Amino acid sequence: MVVVAQLVRASDCGSEGRRFEPDHPPQTPLHASSQLLFTFGSWQAEWGGIHVIKRQKMEISAKFEPSSFEDKWYQYWLEKKIFHSVPDQREAYTIVIPPPNVTGVLHMGHMLNNTIQDVLIRRARMKGKNACWVPGTDHASIATEARVVAKLASEGIMKKDLSREVFLQHAWEWKEKHGGIILEQLKKLGASCDWDRTKFTMEHDMSESVIKVFVDLYKKGKIYRGVRMVNWDPSAKTAVSDEEVFHKEVQSKLYYIKYIIEGTEEFVTVATTRPETILGDTAVCVNPNDEKYLHLKGKKLIVPIVKRIVPVIFDEYVDMEFGTGALKITPAHDLNDYELGLKYQLEVIDIFNDNGTLNEKAGFYVGIDRFSARDKIIDDLKQQNLIVKIEDYTNKIGYSERTNAVIEPKLSVQWFVKMKELAVPALENVMNDNIQLYPTKFKNTYKHWMENVKDWCISRQLWWGQRIPAYYLPDGSFVVAENIETALLLAKQKYPQITLQELRQDEDVLDTWFSSWLWPISVFDGIRNPENPDIKYYYPTNDLVTAPEILFFWVARMIIAGYEYCGDMPFKNVYLTGIVRDKLGRKMSKSLGNSPDPLDLINKYGADGVRVGMLLCSPAGNDLPFDESLTEQGRNFGNKIWNAFRLVNNWPVDNNISQPVHSKLAVEWFDQLLNQNINNIENCFNDYRLSDALMAVYKLFWDEFSGWYLEIIKPDYQKPIDKKTLEASQLFFEKLLKLLHPFMPFITEELWHSMPGKMQQESISLSILDQAKIANSQIIDDFEEAKEVISNIRAIRKNKNIVQKDPLKLHVNSKLITYKNTYDTIICKLCNISEVSTALPSSQNTISFLVKTFEFSIVLEGLINNEEELDKLNKELDYLKGFHSSVMNKLNNEKFMSGAPDKVKEIEYNKKKDAESKIFSLEERIKQLLN
RNA sequence: GGGAGCUUAGCUCAGCUGGUUCAGAGCACCUGCCUUACAAGCAGGGGGUCACAGGUUCGAUCCCUGUAGCUCCCACCA
């Protein structure tokens, strides 16, 4: 029914007064009439020329200050061993942490990652599962070694002057001192890891597992040693994997250089960006279809500077359009050249030392750095008049992720894992969803990579890491064994007289990923001891939460290792988070200085606030545009919960008063709503939509519970509440706290302990989440009555608002459904009005009633004769008629009738019926108005 | 160069297998407000040609094609 408000009379009495505090002066000017209001209280003040008097405030607990209780509860959890897990009869729920670098400090990416893991693990714990979250750190060989080298250098100690043993001592010292900071920081966030299980990838048992796997793979023929083109980091003097190289676009030059044709004065011009590699040239290649070079068939060219005579080879690999169409071939220093070299059996001349300077094989510029050598060779070529031209050119150059040095493609002897066969089950089980990726879009990327997987270079020319268990014999051959004693036995098969001293272990260590790919297994000691109870109980783990950027070099490899060593997946679900970015969309990084310090944020907004802030904007796989205002929102939510708690637990109870009818209604209504939401939240978790789950709890608590439920049941000031309503409210609160706990562990624990009566569990972490009373499918919307009351309150508020703003405005547009005076009292309270009266005379077919506010009264009537009303009705009628005809179009359309499913047709029939009855009643009302 | 994905309100994003209860949420914004839990708050409100152009269909935010812009992954042409 349409309601029109009419200003009846103004009144300036009735208000009980406005409350002021010294630190909260009113932010808006007072109405003139307000002067009358401040007549009692305990203090007085002048504000805005108006005499203001404060009244006594109800005694309440302290302000919401997260810092006052967070540490306390974390300690409590640790003391009670709440996070500790041992195998038992319950279903296991396991997460292994993506081990952060031991050198690392907490950044926003970790915050996001670990918040998600903690939410999942805490929820599982509260669902009665035996939840185990295994923490730990990764030895990060390149990064850590670089740190230690730098630290020693600052003390004037050079790595090259140290023995391996002494260097490792320094490294361990460094690790003991600086490692593990990040784990301490995670505690501030509330991470509920089982700290008793903390692992480090270089611990004794972990290393043993790594070595065992290496030996095993070697025996299976999956590991081989070979000369390969690798990404060489001349600064760290080690090979790095493809994944550790990043490409950057740089301004460089393209040099056009003359190669004289042997025995003639003629020359071929070759374009190159790397003239220093000329010294390693062993051929020049042109496209066989390139007519301008047909005359080169059978000819030889003279490489400038070194004057080496090299053949011209013809291969379609060469792009005729690029440069001059002639390509110099340096098999030792370019991957493609290397492959051409293999194809045409060219000589391979490696002209670089490990540190990027030129070696004797270059013949010239020996000992000079590659970039200086480039300048020198250009000078020399100019002098010899061998440069045709030099062009500006933009190309991409690979840099080492760790040291930022320009990567040198270099031939070297390295250890490799054959990946092709190992990858088969890992691909299959992701494609058939045995292992689920969230979001699923990463399946494509995963598939593409696994189908084109290349052999994995696992050796690193470093000291910090697991040393490759290959032992060389004096004749250059080697044996692979788990320790030197076994190696000796193997060696004796070939040379019975050989001694331990004659064996020399490989100097290299293994790629860090070669230990982390075993992480979900080795943390439970499943490699060394596949039968131990932990691995049997906790493996496969449930969820892995990590960043998409390490999908290949970590996630995929863990899956491979899982099938190879446990015959089963390492985890069932992989939740891939986004990258945390700043407001401008830039990746958060230390160098940009755009990353807030997570600990500062925690201090400012509380861990719960930060957690909520991170989760509010982090749908799976999407980047997370982080802004501090989000944590503020999280903090505000905590404040809301805090205050709602104060309200619910500060009422005096009176066992003798009966439950008001509106409270009864509210309790029934909220109970259903809570159940609906429990179901909804469960669904969100099942789909890994954590943001949605949080948002559902957020709205449930803030809007429905605080905004409606509490306002309805709230007794008048200093009046007692009835027992029934109070108990229902406290139970609701308890259930809400449990729903909130995985997201906001600290505040919920704090309030849990302040709940009246005895909680069944000493910590909310150990309480069991409530199941919804009704299944999803059975939810019926049967709180019509409550909805009506709410809708009526809204309508009155709206009218009041409009009339307050503009007392002359008589027509407002809102609807009252039906009106029952059963709920008068609550309507008055929530609308802040003094009286609702239906005693006014009403015209036919209308409901009229008087709403008295403090300052004036308005009449809400069902219908008022006036043009505007008529106009509105006509508009509504037009819409309905249009709607009706569109429905009729469908129903009269043969194709629709034959093609559309019955369900849809039924909907359309109902729409038709509904629209027709609405049209009928509208037309009736318009008729009445016109009469 | 190859592949994947995205484009919906000022911002961040939901919209399941096409069907007016589908054009939504949170934040931000605007207006009014110290109202006895909470101004870290309350009440009310205004915002969108669902990137653009075609097509399929009875019907398109949803399916197809093309265009533009953005993001990511892979390869790396000297």
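Note that the structure is predicted; figures quoted are calculated from it, not measured. Numbers restart at 1 for each chain; the letters A, B, ... are given by sequence-line order, proteins then strands.
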In dot-bracket, 5' to 3', how would RNA chain B read with Watson-Crick or G-U wobble pairs under 3.5 Å, [ ] for crossing ones and | for pairs to another strand?
(((((((..((((.....[....)))).(((((.......))))).....(((((..]....))))))))))))....
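rU61(B) and rC52(B): their C1' atoms are spaced 14 Å apart (whole Å). With C1' as the reference atom, rG24(B) and rA9(B) are 10 Å apart, rounded to whole Å. Atom C1' of rG59(B) sits at a distance of 12 Å from the matching atom of rU20(B), rounded to the whole Å. The same atom, C1', is picked in rA51(B) and in rC6(B); the two are 11 Å apart, to the nearest Å. Here, rG18(B) and rA75(B) have their C1' atoms 39 Å apart, quoted to the whole Å. Atom name C1', nucleotides rG10(B) and rC30(B): the rounded distance is 13 Å, in whole Å. As rounded to the nearest Å, rA68(B) and rG54(B) have C1' atoms that lie 15 Å from one another. rU8(B) and rA23(B): their C1' atoms are spaced 9 Å apart (whole Å).
Counting only heavy atoms from C-beta on, Arg646(A) has its side chain closest to rA37(B) among rC73(B), rA37(B), rA40(B). The listed nucleotides are rG44(B), rC77(B), rA37(B); the one nearest the side chain of Asp319(A) is rC77(B). Considering only side-chain atoms of Phe64(A), the nucleotide from rA40(B), rC73(B), rA37(B) that sits closest is rA40(B).
Within the 4.0 Å cut-off from OP1 or OP2 of rG41(B), at least one side-chain nitrogen or oxygen of Asn636(A) is found. Here Arg794(A) does not reach the OP1 or OP2 of rA43(B): none of its side-chain N or O atoms lies under 4.0 Å away. Contact annotation: Asn336(A) side-chain N/O to rC77(B) OP1/OP2 distance is under 4.0 Å. For Lys454(A) and rA75(B), the shortest distance from a side-chain N or O to OP1 or OP2 is below 4.0 Å. At the phosphate of rA40(B), neither OP1 nor OP2 sits under 4.0 Å from any side-chain N or O atom of Lys640(A). Taking side-chain N and O atoms only, Tyr605(A) has no distance below 4.0 Å to OP1 or OP2 of rA40(B).
Contacts of Glu549(A) with the nucleic acid, taken as non-hydrogen atoms under 4.0 Å apart, are absent. When heavy atoms are screened at a 4.0 angstrom cut-off, Ser706(A) is found touching base atoms of the nucleic acid. Residue contacts shown for Tyr256(A) are absent, as no nucleic acid heavy atom lies under 4.0 Å away. Here Val318(A) lies in heavy-atom contact (under 4.0 Å) with a base. As judged by a 4.0 angstrom heavy-atom cut-off over every strand, Leu335(A) is placed among residues touching the sugar-phosphate backbone only. Within 4.0 Å (heavy atoms only), Asp334(A) reaches sugar-phosphate atoms of the nucleic acid but no base atom.
The pair Glu65(A)-Lys63(A) does not meet the salt-bridge criterion, since no charged nitrogen lies less than 4.0 angstrom from a carboxylate oxygen.
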Tell me, with the steps shown, if Asn639(A) and Asn643(A) meet side-chain hydrogen bond (donor to acceptor under 3.5 Å, both in side chains).
CA-CA 6 Å; Asn639(A) 184 57; Asn643(A) 283 300; 3.2 Å; yes
With side-chain hydrogen bond (donor to acceptor under 3.5 Å, both in side chains) as the test, would you mind laying out the steps for Lys443(A) and Thr445(A) before giving the verdict?
CA-CA 5 Å; Lys443(A) 260 172 89 172; Thr445(A) 329; over 6 Å; no
Assess the residue pair Tyr605(A) and Glu628(A) against the criterion (side-chain hydrogen bond (donor to acceptor under 3.5 Å, both in side chains)); give the C-alpha distance rounded to whole Å, side-chain angles, the decisive distance to 0.1 Å, and a yes or no.
CA-CA 10 Å; Tyr605(A) 298 103; Glu628(A) 204 171 308; 2.9 Å; yes
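Aromatic ring pairs are classed by plane angle as parallel below 30°, tilted from 30° to 60° and perpendicular above 60°; the pair Phe732(A) and Tyr709(A) is perpendicular. Taking the six-membered ring for Trp and thresholds of 30 and 60 degrees, Tyr698(A) and Phe637(A) have ring planes inclined between 30 and 60 degrees apart.
One interatomic measurement links the two molecules: OH of Tyr393(A) to C1' of rC76(B), which rounds to 10 Å at whole-angstrom precision. Rounded to whole angstrom, the span from the OH atom of Tyr688(A) across to the P atom of rC13(B) amounts to 22 Å.
In this model, a side-chain donor or acceptor of Arg635(A) finds a partner on the base of rA40(B) within 3.5 Å. No hydrogens or angles were tested; on distance alone, nothing pairs the side chain of Glu711(A) with the base of rA43(B) as donor and acceptor under 3.5 Å.
Both Gly638(A) and Asn444(A) lie near RNA chain B, and the one whose nearest nucleotide falls closer to the 5' end is Asn444(A). Checking Leu710(A) against Phe322(A), the closest nucleotide of RNA chain B that is more toward the 5' end is the one next to Leu710(A).
To the nearest 0.5 Å, atoms CG (Leu700(A)) and CG (Asn677(A)) are separated by 4.5 Å.
Of the N and O atoms on the side chains of Tyr317(A) and Asn287(A), not one donor lies less than 3.5 Å from an acceptor on the other residue.
Side-chain contact between Phe314(A) and Val286(A) is present, with heavy atoms from C-beta onward closer than 4.5 Å. Contact check for Tyr259(A) versus Ile278(A): side-chain heavy atoms found under the 4.5 Å cut-off.
Annotation: cation-pi geometry not satisfied between Lys253(A) and Tyr393(A) (NZ/CZ under 6.0 angstrom from ring centroid, within 45° of ring axis).
Judged purely by atom type and a 3.5 angstrom limit, Asp337(A) uses its side chain to pair as donor or acceptor with the backbone of Thr330(A).
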Short N/O separations, protein against nucleotides 23-27 of chain B, under 3.5 angstrom:
residue	atom	partner	partner atom	Å
rA25(B)	O2'	Lys699(A)	NZ	3.0
rG26(B)	O2'	Gln633(A)	NE2	2.9

